[in-house]
Amino acid sequence: MLKNRFFDLALTKASGILGTRGRLVLLLTKLGMKLKSVSWKDVNAAAAKEKLLVLGRISRAYATGQYREVPWKTMVMIVAALAYFVMPIDLLPDLMPITGLTDDVAVLVAVYNAVSVEVDKFLLWEKNRSLVA
């Protein structure tokens, strides 16, 4: 899918993270902290932020056992994208102003598009769930 050695590393780590609920919860905690620290106006990526939030919600629902209708391979890709986002050192280190998140957004969008069918199913489940509640 992506030719990026840092994303390949994130994919390798994703299976281990996904296989242990505590690790997935820790990743989601780090994701929350990183989301708060990013200046989204500098990145100019509101759509990317929304995609990231959706992938985070899928992962949280998976971790809590509320939503398990996602194939393992899809979850590995989602978790890898989230791990890539929270890793400070990647293709373009996040410490570089503005451009540091460019690769993170590119990976995020590529993964989101690759798993869009499963994302759509999750969003429908989420919508139906909120109608029942």
Side-chain angles (χ1 to χ4, degrees):
M1 184 180 108
L2 296 171
K3 298 291 182 199
N4 177 327
R5 68 180 183 175
F6 294 102
F7 184 71
D8 290 343
L9 176 63
L11 271 173
T12 302
K13 290 184 173 194
S15 291
I17 293 169
L18 195 54
T20 309
R21 183 178 182 272
R23 286 176 147 177
L24 185 53
V25 170
L26 179 61
L27 174 64
L28 292 172
T29 301
K30 288 180 180 180
L31 174 65
M33 293 184 326
K34 176 97 181 238
L35 283 169
K36 289 178 184 175
S37 71
V38 170
S39 177
W40 291 101
K41 66 180 186 300
D42 291 343
V43 177
N44 194 18
K49 181 181 179 184
E50 182 55 34
K51 287 176 173 38
L52 188 57
L53 292 172
V54 169
L55 295 181
R57 291 197 315 268
I58 292 172
S59 299
R60 184 178 58 241
Y62 188 90
T64 60
Q66 294 176 316
Y67 187 77
R68 290 291 181 124
E69 303 303 314
V70 185
W72 179 261
K73 184 177 177 182
T74 299
M75 282 307 302
V76 168
M77 288 180 59
I78 290 171
V79 169
L82 298 178
Y84 189 90
F85 181 77
V86 301
M87 289 189 315
I89 304 297
D90 48 39
L91 192 59
L92 293 172
D94 295 344
L95 301 174
M96 296 171 59
I98 302 171
T99 59
L101 290 174
T102 303
D103 63 315
D104 296 24
V105 170
V107 165
L108 169 70
V109 170
V111 168
Y112 190 94
N113 291 339
V115 301
S116 63
V117 170
E118 294 301 328
V119 168
D120 291 343
K121 290 178 188 177
F122 170 78
L123 291 172
L124 181 62
W125 171 83
E126 200 175 45
K127 181 180 177 182
N128 290 337
R129 188 167 174 248
S130 68
L131 292 175
V132 173

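What you see below is based on every heavy atom in this structure, not just the backbone, and it leaves out hydrogens, waters and symmetry mates. In this text, all values refer to a predicted model and were calculated from it rather than measured experimentally.
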> How long is the span from the CD atom in Glu69 to the OH atom in Tyr62, to the nearest 0.5 Å?
Replying inline: 10.5 Å

> Taking C-beta and beyond as the side chain, do Ile58 and Met75 meet within less than 4.5 Å on heavy atoms?
Replying inline: yes

>> Run Val54 and Glu50 through side-chain contact (heavy atoms from CB on, under 4.5 Å) and show every step you take.
In response: CA-CA 6 Å; Val54 169; Glu50 182 55 34; 3.6 Å; yes

> How about Val117 and Lys121: do any of their side-chain heavy atoms sit closer than 4.5 Å?
Replying inline: yes

Acceptor/donor pairs from residues 17-26 side chains to any protein atom, 3.5 angstrom cut, sequence neighbours excluded:
{"from": "Arg21", "atom 1": "NE", "to": "Ala63", "atom 2": "O", "distance (Å)": "3.0"}
{"from": "Arg23", "atom 1": "NH1", "to": "Gly16", "atom 2": "O", "distance (Å)": "3.4"}

>> Test: side chain to side chain donor-acceptor pair (under 3.5 Å). Region: residues 52-61. Which pairs qualify, not counting sequence neighbours?
In response: Arg57-Glu126

>> Could you report the tightest heavy-atom contact between Leu11 and Met77, atom names first, then the distance?
In response: CD2-CA, 4.3 Å

> To the nearest 0.5 Å, how far apart are CE in Met33 and OG1 in Thr29?
Replying inline: 7.5 Å

>> Are the side chains of Phe85 and Leu108 in contact, using a 4.5 Å heavy-atom criterion?
In response: no

>> Show, in sequence, the C-alpha distance, side-chain angles and deciding distance for Leu31 and Leu52, and conclude whether the side-chain contact (heavy atoms from CB on, under 4.5 Å) test is met.
In response: CA-CA 9 Å; Leu31 174 65; Leu52 188 57; 4.0 Å; yes

> Any donor-acceptor pair under 3.5 Å linking the side chain of Thr64 with the backbone of Ala61?
Replying inline: yes

>> Which residues pass the side chain to side chain contact (heavy atoms under 4.5 Å, CB included) test with Ala14, not counting sequence neighbours?
In response: Val76, Val79, Ala80

> Are Leu27 and Leu9 joined in one hydrophobic group, where the rule is that I, L, V, M, F, W and Y side chains link up if heavy atoms are under 4.5 Å apart?
Replying inline: no

>> Do Trp72 and Leu82 land in one hydrophobic cluster if side-chain heavy atoms of ILVMFWY residues count as linked below 4.5 Å?
In response: yes

> Can you say whether the rings of Tyr67 and Phe122 are parallel (under 30°), tilted (30 to 60°) or perpendicular (over 60°)?
Replying inline: perpendicular

> Any side-chain heavy-atom pair from Leu35 and Leu53 closer than 4.5 angstrom?
Replying inline: yes

> Are the side chains of Val111 and Phe7 in touch, meaning some heavy atoms are under 4.5 Å apart?
Replying inline: yes

